Amino acid sequence: MVLGDENGYVHAIPAIDTGEPRRADTQFHQGPVTAVDVAGYENEHLVISGGADGTVWTWMPDRYPLKEPVLARDRPSPPSRSPPPPTA
């Protein structure tokens, strides 16, 4: 099972308890994780996560994570504030 949280952490929890600690908790994103998916890759699990920070990461829970995201876009800018309308 894989899930993300509002602090940018991605949690991978094995479906079968092997007696060894295989849970992986890694902070990939600066802000909430907005999407996660798991795919089979060479007899292992490939985790894909996306965040509100505009990054997409791929990693395998039993290996060291990459040092950089596979995709990054600029963060959306905060809404601009218009000056108040003039008063008559």
Side-chain angles (χ1 to χ4, degrees):
M1 175 172 50
V2 176
L3 54 104
D5 67 27
E6 64 187 20
N7 297 316
Y9 283 86
V10 179
H11 309 275
I13 304 164
I16 300 172
D17 183 8
T18 61
E20 296 178 24
R22 293 186 56 216
R23 178 180 172 139
D25 302 295
T26 306
Q27 185 179 24
F28 286 111
H29 303 279
Q30 300 299 314
V33 176
T34 58
V36 294
D37 200 359
V38 179
Y41 180 76
E42 296 182 2
N43 296 324
E44 295 190 53
H45 293 98
L46 178 67
V47 177
I48 303 104
S49 65
D53 61 355
T55 62
V56 175
W57 288 84
T58 60
W59 59 290
M60 294 181 178
D62 291 336
R63 298 185 186 191
Y64 290 106
L66 299 173
K67 294 184 189 231
E68 294 191 23
V70 295
L71 179 67
R73 63 172 170 73
D74 292 336
R75 291 185 189 183
S77 58
S80 61
R81 295 187 176 168
S82 301
T87 55

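Since we're looking at a predicted model, the values are computed, not measured. In what follows, every heavy atom counts, from backbone to side chain, and hydrogens, waters and symmetry copies are set aside.
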Inset, instruction - Could you tell me which residues satisfy salt bridge (charged side-chain N to carboxylate O under 4.0 Å, His left out) with E6, sequence neighbours excluded, listed by chain and number? - result: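 E6: no salt bridge (charged side-chain N to carboxylate O under 4.0 Å, His left out) contacts found.
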Legend entry - Pairwise distance CG(D53) to CZ(F28) - rounded to 0.5 angstrom: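 Reported to 0.5 Å precision, the distance equals 12.0 Å.
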Legend entry - Value rounded to 0.5 Å, distance of CD1 in I48 from CH2 in W59: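 Interatomic distance, I48 CD1 to W59 CH2, rounded to 0.5 Å: 11.0 Å.
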Inset, instruction - Take the angle between the ring planes of W57 and H29 and call it parallel below 30°, perpendicular above 60°, tilted in between. - result: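 It falls in the perpendicular class, over 60°.
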Legend entry - Residues that N7 engages under side-chain hydrogen bond (donor to acceptor under 3.5 Å, both in side chains), provided they are two or more places apart: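 side-chain hydrogen bond (donor to acceptor under 3.5 Å, both in side chains) list for N7, sorted by chain: empty.
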Partner set under side chain to side chain contact (heavy atoms under 4.5 Å, CB included) for [X], not counting sequence neighbours:
| X | value |
| --- | --- |
| A72 | T55, P69 |
| E44 | M60, R63 |
| V2 | V10, A12, V36, V38, V47 |

Inset, instruction - Taking all non-hydrogen atoms of both residues into account, name the closest pair between A52 and T34 and its distance. - result: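 Heavy-atom minimum between the residues: N-CG2, 3.7 Å.
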